[in-house]
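What follows is one structure encoded as structure tokens, with my remarks underneath.
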Amino acid sequence: LKTGQASDDLAKSMSALFQETGNAEFARKSIETIGTAAKGAHEPLETMTGIAGTLNEKFGITEDQLGGALSTIVGLGNKGGISVGDMGEKLGLIGAYAKEAGLQGEQGLGTIVGMLNLADNANGSFKKGISAVGGLLEQLGNTVGKAKIGAALGVSAKDLSGSAPQQIEA
């Protein structure tokens with residue numbers, strides 16, 4: 001097989017992906033990419049399937065964008081102190097905040113990755129960075145949180161109006 005995975009395992013993963021996303025076409029078109037990524041990253045097929053489902057569900061990543069997005073997550077997961085499996089678990093929570101904040105698609109995922117890297121560089125711990133980014137996204141999603149962030153940074157409420165992507169870019 002092109003993916004290096006057993007047919008039965010691919011079928012189970014495709015079924016699990018469909019159950020998670022509710023999107024049969026995404027599951028069918030993505031399974032080869034997922035299998036190949038799992039083999040190349042030396043990660044369990046189930047782990048990569050779960051990450052693919054989260055990327056689709058939370059970020060709106062399509063089957064055409066999935067290969068690059070999986071590579072990005074594997075790269076983050078291999079960054080000091082966190083496994084790819086752990087990254088996949090944290091991605092669900094961060095992805096939920098990102099979705100609520102309007103950070104979608106490859107651009108939204110790229111913004112999150114950038115924020116995670118900045119947080120890692122700032123405090124020297126990728127695990128702490130994940131918590132910090134999740135907390136920031138949660139705060140940007142509500143008015144009281146925006147006001148507190150603005151006050152701490154000396155930014156007016158007017159400048160913090162708009163969507164979270166606009167606020168992050170500001």
Side-chain angles (χ1 to χ4, degrees), residues 3 5 7-79 82-120 126-142 145 162-169:
T3 64
Q5 305 286 344
S7 295
D8 288 349
D9 293 340
L10 289 171
K12 287 177 191 172
S13 286
M14 189 166 70
S15 175
L17 186 59
F18 170 67
Q19 287 178 353
E20 183 173 345
T21 64
N23 185 334
E25 184 175 347
F26 175 77
R28 184 180 54 78
K29 289 184 175 181
S30 299
I31 198 63
E32 187 175 322
T33 300
I34 295 166
T36 302
K39 188 72 168 178
H42 307 287
E43 292 293 334
L45 184 59
E46 296 82 13
T47 297
M48 297 303 276
T49 301
I51 292 170
T54 299
L55 288 168
N56 176 256
E57 185 181 5
K58 304 294 185 195
F59 290 95
I61 297 294
T62 66
E63 57 270 6
D64 294 332
Q65 301 166 329
L66 186 60
L70 286 173
S71 294
T72 298
I73 299 305
V74 168
L76 285 175
N78 289 329
K79 199 169 184 159
I82 187 165
S83 70
V84 173
D86 287 344
M87 184 62 205
E89 289 176 20
K90 304 290 186 195
L91 188 64
L93 180 61
I94 290 176
Y97 291 135
K99 185 176 184 177
E100 188 175 307
L103 295 165
Q104 290 288 286
E106 290 178 309
Q107 185 175 1
L109 180 61
T111 299
I112 295 298
V113 168
M115 291 171 71
L116 289 170
N117 283 323
L118 279 171
D120 177 41
F126 195 73
K127 284 183 178 181
K128 289 180 185 175
I130 289 172
S131 297
V133 169
L136 176 62
L137 289 172
E138 183 179 23
Q139 291 298 312
L140 286 174
N142 69 60
S163 67
Q166 292 166 331
Q167 296 161 14
I168 291 167
E169 289 172 10

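In this chain, residues are counted from 1 in sequence order.
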The criterion is side chain to side chain contact (heavy atoms under 4.5 Å, CB included); which residues satisfy it with E20, sequence neighbours excluded?
T54, E57

Tightest non-hydrogen contact, residues F18 and A27, listed as N-CB, 3.9 Å

Taking all atoms of both residues into account, what is the closest heavy-atom pair of M14 and I31, and its distance?
N-CD1, 3.6 Å

Under the side chain to side chain contact (heavy atoms under 4.5 Å, CB included) test, which residues partner F26, sequence neighbours left out?
L17, T21, N23, S30, N56, E63, L66

Does the side chain of D64 reach to within under 4.5 Å of the side chain of E106, using non-hydrogen atoms?
no

What is the distance from atom CG of L55 to atom CG of L109, rounded to the nearest 0.5 Å?
6.0 Å

Under the side chain to side chain contact (heavy atoms under 4.5 Å, CB included) test, residues paired with A132 that sit two or more places apart:
none

Approximate separation, where rounding is to 0.5 Å, of I112 CD1 and T72 OG1:
12.5 Å

Interatomic spacing from OH in Y97 to CG in L103 - rounded to 0.5 Å
14.0 Å

Distance-only check: which donor-acceptor pairs under 3.5 Å involve side-chain atoms of residues 39-53, not counting sequence neighbours?
| residue | atom | partner | partner atom | Å |
| --- | --- | --- | --- | --- |
| T49 | OG1 | S13 | OG | 3.3 |
| T49 | OG1 | L45 | O | 2.8 |

With salt bridge (charged side-chain N to carboxylate O under 4.0 Å, His left out) as the rule and sequence neighbours excluded, what pairs involving residues 23-35 come up?
K2-E32, E25-K29

From CG (L76) to CG (D86), nearest 0.5 Å
13.0 Å

Value rounded to 0.5 Å, distance of CD1 in I94 from CG in L136:
11.0 Å

